[in-house]
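In the text below, chain A, chain B and the rest are named by the order of the sequence lines, each starting its count at 1. Computed from a prediction, not measured in an experiment: that's the story for all the values here.
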Amino acid sequence: MTIAISEQVPRTVHGFDYTRVVLYGFALALVLLIVLPMSWLVYYAFSSPSGGITLSNFTRLFSESTFIDPLITTFVLATSTSVICCIVAAPMGWLVARTDMPLRRTTRLMVTASFVTPPFLGAIAWELLAAPNSGLINQAYRVLTGAPADDHLFNIYSFAGLTFVIACYTFPYVFVLVANALDRTPGDLEDASSILGGSAWDTARRVTIPLAMPAVLAGALVAFLQAMTLFGSPAILALPAGFHTMTTKIWSLFQYPPKPELAAAAALPLLILTVLLLRAEHMILGRRGYAVLGGKNSDPRIVPLGVLRWPAVLLCFGILLCPVFLPYGALFNAAFSRIASQVISINNFTFHNIYFVFFELSATKLAFYNTFVLGIATATLGTILALVISYLTTRQAVAGHRVLGFLATAPVAIPGIVLGVGLFLSYTRPPFVLYGTLWILLLAFLTLSLPAAYQQMQSAFRSIHPELEDASRILGATRLRALREITAPLLRTSVIATWCFVFVGTIRELSAAIMLFTSETKVISVLIFDLNESGDLAAISVLGIIMLIITFGIVALANRLRIGGGPVRLRNY
Amino acid sequence: MRSTKFSRRDLLKASSALAVGAAGGTVFADPLRAAPPPADAITPALIEAAKKEGKVVFYTAMDLAFAERLGKSFGEKFPGIAARVERSGAERVFTRIDQEYKSNVHAVDVVNTADQAHVILWKRNGWLAQYLPEEVVKNYDKKYYDPEGFELVTRVLVSPFGINTNLVKKEDAPKSFADLLDPKWSGKMVKGHPAYSGTIMNATFQIARDLGWSFFEKLAKQNVLQVQSATDTPKKIALGERAIMIDGAGYLVIRGKEEGQPVDVIYPEEGTPLATSPSCLMKAAPNPNAGRLFHNWMHGREAQQILIDYARQYSPHGQAVEKPGVRKLSEIKLMKEDPEGVEKSADEVKRRYAEIFKV
């Protein structure tokens, strides 16, 4: 007992590192958020409907063509989407970040617009544009060329059509990552290359492109995963075309009588594939250091385009025609036209669709309310969660931070609909009966938005060299104080951007919501999906336009927010 | 909410009761027999009680515009009671209620489905309340309501062909299911899905029974546009997206034609699929009085007349006045409806359909 006395070392009151407590709390929350529903998923994948452990779900999965076909389709779809996105987005990102192309700001804004456009809304808009017979583009084509009545230029109800539409709303992910990386890459490295006699091409090849490579690869990965886990667009375009992707297949397994065991088994290959991809990315990029914002910094170098300035603008706007201008035009047209496939004229102009949505459609008000509550709650909680986790992982602040990082990224691998099922299984029984409440949707949205938020915050953290915090801590600040006074001000823009990112991501979420909603907890995305299934295009157009206006409002608000010093620019997407 | 479920013992009791006092055969043959409830009128007391609840939640498979019109008319008739409409395909509504009830979420007061097979299952699960409006007992043909009050037929649906008259002339249009297999219609047809729509489920069941699954196997080679809802196929031909609607809500084609759209309806020679669309009051309704009031009102003369005049559907109400423009049900060659058959083989229908059409 004498030992105990000798241990009475005086404690320093101010020196205690409170962060550790906070950190482990967050880790626990994360484990619950992700591990619980996934455990149910795995459990179900290996269960037979009558109970007991079995492999029969997997036997069926890999022997029946009704499962193998969607698996192959999904893989090809995700790969082609990813490739298209990189080809389109990487040069665009470079143009707006590192050249003197005119209208760079407008281009960024328009990419933001396509980013915040819900993919399912885009898919519906493209139905209006490029359905083989009633599509506006195909009608115009027939009028202009005098082609016969059933001839068409595009058929959106096809594999190519689906790939195109998904790429339209996935390329901003690559664009954001590339443009941001190039924004942050200091010019001095390129200057050094030029001073040492490197030509413009050499500099690009040896300096700029390698510096942008992590962003492009990460973008390709995100695009792949987006396309693979997307539910709305395939449900809208693939089913009429007569094929399934994995997400729509899984969804169809929950029609009465539900087959959660098969669905869980069908989800596991997607999960494994994603984990492998994330590992691959880590192996490619993991060992190199890409900190580009240190204590010293210089402005990015701008490449003059010369005569190519305006062709570059044309290229960008030509691309933006597909995700933004044409679909918005089609939605606007359908909102005010008596018949969605007819161009507005004096004869068919109507306000009835708007009247219908606001005064007759009884689901409107509740859906908006639910969507707003969930959007704000998810954005706030999600940003906090992402902030803490990315701090932990980038600064390696706790043991097991890798696990934490993995957990935060893991939901990327979980199709929303599968997470929906996992949550459904977890929270429809005591002690946590959350089904039928907004809580279950909040959990779903939080989990789903975490990877994107985490990736954003993590890259923000990565670009701030720890030397800045280290300096502060050497001078006696606690970790929290260093965070508050050094890191936080540097991260302000990223935090606000992430909040908005999560908000717009949440209000457009469909795939988990479709599994978890009840009539009392319906959100706008589900309402729009319902309306699409019954072919009520006019109401969709009105709701979609309102949804877009709200989204743009949030983005504009974030752009104008003044916190402390100068205005915060939201230009991450 | 234990009280909402019948135990096996209840079922035994009920079926032994049936053995003793077996009633005459109706279309609602089911082992569960209970005493018929007294016919109920819309009384001031009921309205007052419903107003206290303030709202009624109505899950339905009827076309959205019509469902909202009904809800709005109800709200105008009984101020202070808002009707919230949850519209989806009947099979989807069925799945939804199944999910919600198995998780003890009781949100629905009154449900309207387009698939009578659903009622068989709900009744078996003990989810339905018994309720008979006075007006129904007085004015409905016996075949249109359950004497025990578990279900009332709200409307009768047929699933004929529809055509876009700009894309195909009526005289050139297909007259029979066999005609649809002509290669010249390849890529020109649109079809609903039996895993979404109750109308299509019944139509698929009846066509497969009468013409064989081989018909669908051949049809699948015709490059058919596959949509979900029976209310979407009429909209797709109205848009001009396809020339021919293989199945779906005939009433929307008729409505569209009356509004001046270039569409018309064709009753196939082999027979037109039929789907009787019943409504039920849920036993665990969160707004039981508003539910009763709505259930009662919807099957009364006023709502049924909206069904005829606005929605162009067939009403079971004996006093409702027909409006010319819709061919009389008795003048259409109909396929035979078989709810028990659908109830038994719905999963098989969905499975085979998915195999043949790939979705």
Side-chain angles (χ1 to χ4, degrees), chain A residues 64-66 69-70 127-128 131-135 139 149-150 157 235 238-244 248-249 252 254-258 338-342 356 359-363 365-366 424 427-429 433-437 515 517-522 530-537 539, chain B residues 57 59 63-65 67-69 71-72 75 82-89 91-92 94-96 98-100 102-105 107-108 166-167 187-188 190 193 195-196 220 223-229 231-236 238-243 261 346-347 350 354-355 357-359:
Chain A
E64 289 178 21
S65 69
T66 50
D69 291 349
E127 275 188 293
L128 293 168
N133 298 301
S134 59
Q139 288 186 52
D150 47 3
Y157 302 119
L239 298 185
F243 67 92
H244 269 295
T248 58
K249 188 71 203 175
S252 74
F254 283 96
Q255 284 158 10
Y256 190 89
R338 243 179 263 282
I339 295 171
S341 63
Q342 286 177 6
F356 177 78
F359 299 104
E360 289 183 358
L361 189 59
S362 55
K365 212 160 98 185
L366 189 64
F424 183 90
Y427 296 113
T428 46
R429 60 192 72 210
V433 185
L434 298 181
Y435 184 66
T437 69
M515 285 306 308
F517 81 96
T518 58
S519 66
E520 301 289 325
T521 55
K522 211 176 217 184
D530 273 3
L531 290 170
N532 183 65
E533 285 188 321
S534 56
D536 293 297
L537 294 168
Chain B
V57 179
Y59 286 17
D63 182 58
L64 183 68
E68 297 288 6
R69 176 71 172 262
K72 211 178 161 196
R84 251 242 334 284
V85 173
E86 275 295 312
R87 197 225 93 87
S88 192
E91 305 303 318
R92 226 28 97 60
F94 183 64
T95 304
R96 174 123 309 282
D98 185 67
Q99 272 185 5
E100 292 185 355
K102 285 183 177 157
S103 313
N104 267 334
V105 174
V108 52
N166 287 344
L167 298 173
K188 294 187 194 303
V190 59
H193 202 292
Y196 177 92
N223 188 16
V224 174
L225 178 66
Q226 178 71 63
V227 298
Q228 298 290 319
S229 177
T231 68
D232 193 11
T233 47
K235 291 166 196 167
K236 284 282 179 287
L239 287 175
E241 181 46 47
R242 288 293 190 273
Q261 289 168 6
D347 299 342
K350 286 186 224 170
E355 251 172 43
F357 287 92
K358 305 286 176 213
V359 285

Using a cut-off of under 4.5 Å for heavy-atom pairs, which of [options] has the most such pairs with chain A?
{"options": "L239(B), V105(B), V190(B)", "answer": "L239(B)"}
{"options": "G187(B), A107(B), G240(B)", "answer": "G240(B)"}
{"options": "K236(B), K350(B), Q261(B)", "answer": "K350(B)"}
{"options": "R96(B), E100(B), K358(B)", "answer": "R96(B)"}

Portion of [X] that has a non-hydrogen atom of chain B nearer than 4.5 angstrom:
{"X": "P70(A)", "value": "neither"}
{"X": "F517(A)", "value": "both"}
{"X": "Y435(A)", "value": "both"}
{"X": "K249(A)", "value": "neither"}

Okay, side chain of [X], backbone of [Y]: is any donor-acceptor separation there less than 3.5 Å?
{"X": "T95(B)", "Y": "Y256(A)", "answer": "yes"}
{"X": "E241(B)", "Y": "S134(A)", "answer": "yes"}
{"X": "R87(B)", "Y": "D530(A)", "answer": "no"}
{"X": "R84(B)", "Y": "S519(A)", "answer": "yes"}

- Any side-chain heavy-atom pair from L64(B) and L361(A) closer than 4.5 angstrom? yes
- Message: Within the 4.5 Å heavy-atom criterion, are P132(A) and R242(B) side-chain neighbours or not?
- Response: yes
At a heavy-atom separation under 4.5 Å, does [X] approach chain A through its side chain, its backbone, both, or neither?
{"X": "V57(B)", "answer": "side chain"}
{"X": "F94(B)", "answer": "side chain"}
{"X": "V224(B)", "answer": "backbone"}
{"X": "A83(B)", "answer": "backbone"}

- Residues that A243(B) engages under side chain to side chain contact (heavy atoms under 4.5 Å, CB included), provided they are two or more places apart: L167(B), V168(B), K188(B)
- Task: Decide whether E68(B) and S362(A) meet the rule of one side-chain donor and one side-chain acceptor closer than 3.5 Å.
- Result: yes
- Options L531(A), T66(A), D536(A), ranked by heavy-atom pairs under 4.5 Å with chain B, top entry: D536(A)
- Best-contacting candidate, P257(A), A363(A), S252(A), G436(A), against chain B by heavy atom pairs under 4.5 angstrom: P257(A)
- Query: Between E91(B) and Q255(A), is a side chain to side chain contact (heavy atoms under 4.5 Å, CB included) present by the stated rule, with each step listed?
  - Reply: CA-CA 8 Å; E91(B) 305 303 318; Q255(A) 284 158 10; over 6 Å; no
How many angstroms lie between atom [atom1] of [X] and atom [atom2] of [Y], to the nearest 0.5 angstrom?
{"X": "S229(B)", "Y": "N532(A)", "atom1": "OG", "atom2": "CG", "value": "10.5 Å"}
{"X": "K235(B)", "Y": "S341(A)", "atom1": "NZ", "atom2": "OG", "value": "14.0 Å"}
{"X": "Q228(B)", "Y": "L239(A)", "atom1": "CD", "atom2": "CG", "value": "5.5 Å"}

- For the residue pair A65(B) and F356(A), what are the closest heavy atoms and their distance? CA-CE1, 4.1 Å
- Task: Would you please name every residue forming a salt bridge (Lys or Arg N to Asp or Glu O under 4.0 Å) with E533(A), sequence neighbours left out?
- Result: R92(B)
